Amino acid sequence: MKLLLIRLCFATALFTVGTGHIALASKAAVILMYHRFGEGDLPSTNTTIAQLEDHIEALKEGGYTVVPLADVVSALNGAHSLPPRSVAITVDDAYRSFLTIGWPRLKAAAFPVTLFVATEGVEAGYSDMMTWDKILTLQQEGVSIGAHSHGHNHFPSLSAAAVNQDLARMTATFVRGLGVAPKLFAYPYGEASLADMTAVRDAGFTAGFGQHSGAVGPLANTFYLPRFALNEQYGSAKRFRLIIETVPLPVAAISPADPVLQQNPPTITIEVADSLSNLADVTCFGPTGAPLAVDVRANILSLTPMTPFPIGRTRLNCTLQSVDRITQGRWHWFGWQMIAGFESEGVAVHPRNR
Ligand SMILES: [Zn+2]
């Protein structure tokens, strides 16, 4: 079988079999993603105050280092190593509850935070969003500001021209509001096609972030980095303690490389770079959350789902308990998001046909 494996961005040429665990330890991180805090009427994007306080305690007690998100990116680009058990904290959408509930607690813990702002909502003065002066205050207090588009649209549903127009509008709005444009970008809904990743890179950003789970490692595509989403359902103490302990599954390539599926169900091939002696024990979970059949041959995982993925976002999660001497017992976790079209007035529409 001819493997059409398109290489992901290799962050370091030094990553080779045999030195894998060294690179893993020095270039690995877990990135967390929050939205709202203490807004119990919106549980799907909210984290309760009790959950947040518990997360902060877990990070303080467990030997973790909460690092600025930009440090994760510069480490992946080869500039330096990261401390063991590095965690980065991100918050999307600039809701007021970050200012009033989230930030005071994270600031007291001296944890760096990156806030991803979609500029249209701020500019329009939506009632649950912060104004520019509040965002400026946060920036002065040490919060890093990242970019999250202008209109918060589904990028893969837009034409290339519309994506570029959105990015240009966003940048101009940031310059007006903050005097400077951010360098890190989080895709709205974590949705990006390969073309969208290229557009974000060409617009001058240094990294792009999705909303798929998984630990970041030295082989990660820096324009589609995973983040673990926290909300009331997925923010329990037990799950939080599990995800901050995860380590990367060293995936060198995935096919199809474009998250926007041209074929549904897709035939998925994942090439694992490092020699993991127990790779045959990997479990991959598909759209329903149920395990998918995985054929493991040497370092290649092949998945051939029998039923089409539902219209919209589907997340793939592959996990494997580590038997490595350093990371023993922790979970290797690779996640990826795929898009099988959008609902439009009840009709499934292919992303590029809109
Ligand atoms: Zn958002």
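Start at 1 and go down the list; that is how both ligands and their atoms are numbered. Bear in mind the structure is a predicted one, so any value in this text is a computation, not a measurement.
- For the Zn ion (ligand 1), the N/O/S atoms of His148 include one lying under 2.8 Å.
- For His55, the ring-ring contact (aromatic ring centres under 6.0 Å, His included) partners two or more places apart in sequence, or in a different chain, are Tyr34, Phe240.
- In terms of distance to the Zn ion (ligand 1), the nearest N, O or S atom of Asp93 is named OD1.
- Thr171 places no side-chain N or O within 3.5 Å of a backbone atom of Ala168 that could act as its donor or acceptor partner.
- Between the side chains of Asn46 and His35, no donor-acceptor pair of N or O atoms lies under 3.5 Å.
- Put simply, Asp92 stays out of reach of the Zn ion (ligand 1), with no N, O or S atom under 2.8 Å from it.
- Note that the CD atom of Glu191 and the CG atom of Asn153 stand 10.5 Å from one another [nearest 0.5 Å].
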